[in-house]
2 protein chains.
Amino acid sequence: MYRLLNMRSIPENQIPRETVDDRTTKARIRDAAIASIAEYGINGTTARKVAGAAGVSPGLVIHHFGSMEGLRSACDQYVANAIREFKERTMTGGPTLDVLAALRDAPNGPLMGYLAQVLADDSPAVAKLVDDLVDDAEGYIQQGVESGLLKPSDDPRGRAVVLTVWSLGALALHQHLRRLLGTDLTDPGILTDPAAAAYIAPVYEIYGEGILEETFAARARAAFTDNEGAT
Amino acid sequence: MYRLLNMRSIPENQIPRETVDDRTTKARIRDAAIASIAEYGINGTTARKVAGAAGVSPGLVIHHFGSMEGLRSACDQYVANAIREFKERTMTGGPTLDVLAALRDAPNGPLMGYLAQVLADDSPAVAKLVDDLVDDAEGYIQQGVESGLLKPSDDPRGRAVVLTVWSLGALALHQHLRRLLGTDLTDPGILTDPAAAAYIAPVYEIYGEGILEETFAARARAAFTDNEGAT
DNA sequence: CAATAATCTATACATATGTTCAGCCCTTGT
DNA sequence: ACAAGGGCTGAACATATGTATAGATTATTG
């Protein structure tokens with residue numbers, strides 16, 4: 001019934017690199033798992049649900065990925081690679097400030113939803129991805145500083161970490177943002193969504209001006225460098 | 001063995017308000033559940049594990065809370081109330097900018113860890129708590145503006161939402177922050193931890209100065225108000 | 001075309017988990 | 001002291017889930 005075409009001409013078990021042809025049954029199972037995790041979360045995603053969504057038997061997902069943990073790992077790595085490739089492809093034209101600005105118009109369906117779900121409980125692949133995103137952000141921010149767009153920082157690395165974690169944290173808490181502002185960061189077509197302004201406008205206001213008045217900022221900085229806890 | 005004292009003189013089933021005496025077996029089960037969720041997550045917390053940690057039988061947790069979902073709901077409400085009470089108690093002395101600054105020195109053990117775990121998958125109680133935290137932040141920020149500490153905003157509500165979600169998102173992604181900066185936001189004694197500066201210093205730098213150079217900020221604002229998508 | 005190997009299904013098994021239930025024990029009120 | 005009622009236990013039940021296995025099916029290869 002669901003056996004339309006079976007490109008077994010490619011013995012994919014012997015292919016070391018993924019991301020070449022990819023639309024075998026194994027890939028369909030992985031895509032179904034990614035979509036399920038993006039929609040129902042990791043714990044709402046069972047072997048039988050994935051099998052049903054992919055139109056295969058439950059045993060086949062184990063046959064292909066060894067275990068559910070293997071499937072999870074494969075999804076993590078696939079999504080991480082997809083995000084990296086997308087960034088490489090779009091980041092060529094000028095630096096952007098945060099991660100979401102780079103991934104916002106990703107047409108890759110549930111990628112953002114998947115990332116939002118797995119950011120909370122860290123797998124090794126997700127940790128690696130976050131580390132890479134921070135590294136990339138640090139590079140792009142440095143470019144921005146050198147080209148006069150961004151202010152220099154006393155702690156470039158720390159600032160890159162904070163900005164990246166803020167962006168990813170907002171993605172992880174997208175349900176709250178959607179409830180509070182009407183902006184859904186996991187929406188693939190968020191670039192053309194006017195509701196995104198409710199989130200982006202305050203973000204750029206903070207990025208542009210900060211929130212502290214100069215006198216208070218100087219005082220807070222002095223209090224911070226000298227001592228702490230002085231009310 | 002674990003039945004040291006049993007204050008059954010208080011028929012707690014008929015007491016509408018919790019947070020009065022509280023250290024009955026039911027309270028111990030709830031606390032064990034909160035600690036377990038804070039450490040192992042929601043899905044790593046089973047009825048038997050909670051029962052074992054509380055020193056009771058698995059059936060008793062169901063007897064007291066009806067179901068595991070009831071236990072989860074009770075934990076959500078208890079933590080939300082504890083956070084609200086702690087804020088009320090400490091917020092009297094001057095406004096603070098973000099949520100974490102208010103909750104940072106909460107001595108209530110695994111409260112922050114619990115919040116970090118449940119922020120991702122929203123329950124009604126958590127959604128209500130986040131809404132309240134945003135409302136509080138909006139009020140405190142307004143006080144800060146009126147007293148000259150904080151800059152005014154074109155969108156006070158939106159700015160409060162963004163700042164709150166950023167703070168909570170950083171809490172939800174605390175493992176990444178700990179890996180990247182060595183700062184553990186769920187650590188109860190974070191106020192005295194010098195490693196916290198690795199996170200707080202960049203935060204206050206951004207809060208104080210922003211990150212955009214004035215010329216670029218003005219240009220971005222103009223491009224944003226006029227149009228969008230222009231590179 | 002036959003052999004072979006891989007894909008895939010259907011079923012079964014083991015385990016974990018939520019939940020229920022019959023009954024014991026202990027405290028409390030009379 | 002005695003009855004009573006609820007806290008509490010231990011075991012059992014139903015279900016869901018991950019995983020293994022035997023066999024059927026299908027495509028590829030010599």
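As the structure is a computational prediction, the values presented were derived from the model and not from experiment. Letters go in sequence order (proteins before strands), and every chain restarts at 1. Computed over heavy atoms, backbone and side chain alike; hydrogens, waters and symmetry mates excluded.
- Between A:H63 and A:G59, the residue anchored nearer the 5' end of DNA chain C, judged by the nucleotide with its closest heavy atom, is A:H63.
- For B:W166 and A:Y207, the gap between ring centers is short of 6.0 Å.
- With sequence neighbours left out, A:A74 forms a side chain to side chain contact (heavy atoms under 4.5 Å, CB included) with A:F65.
- Between the NE2 atom of B:H64 and the P atom of C:dT20 there is a distance of 15 Å, rounded to whole Å.
- Proximity of B:T25 to the phosphate of D:dC8: a side-chain N or O atom is located under 4.0 Å from OP1 or OP2.
- With distances taken from any side-chain atom of B:R48 to the nucleotides C:dA10, C:dT19, D:dC8, the minimum falls on C:dT19.
- Nearest nucleotide to the A:A47 side chain, out of C:dT19, D:dG18, C:dT17: D:dG18.
- Following rounding to the nearest Å, A:N43 (CG) and C:dG18 (P) show an atom-to-atom distance of 12 Å.
- Rounded to an integer number of Å, the gap from NZ of B:K26 to P of D:dG7 is 9 Å.
- Taking atom NZ on A:K49 and atom C1' on D:dG18, their separation rounds to 14 Å, with Å as the unit.
- Residue A:M68 contributes atom CE, which lies 16 Å from atom C1' of C:dA16 at whole-angstrom precision.
- Rounded to an integer number of Å, the gap from CD of B:E69 to C1' of C:dT17 is 15 Å.
- A:I62 places its CD1 atom 18 Å from the P atom of C:dT11, with the value rounded to the nearest Å.
- In summary, the side chains of B:Y114 and B:D76 do present a donor paired with an acceptor at a separation below 3.5 Å, with no hydrogens or angles considered.
- Ionic pairing of A:D122 and B:R178 is not present here: no N-O contact between side-chain nitrogen and carboxylate oxygen is shorter than 4.0 angstrom.
- Separating the CG atom of A:L60 from the P atom of C:dT7 is a distance of 9 Å, rounded to the nearest angstrom.
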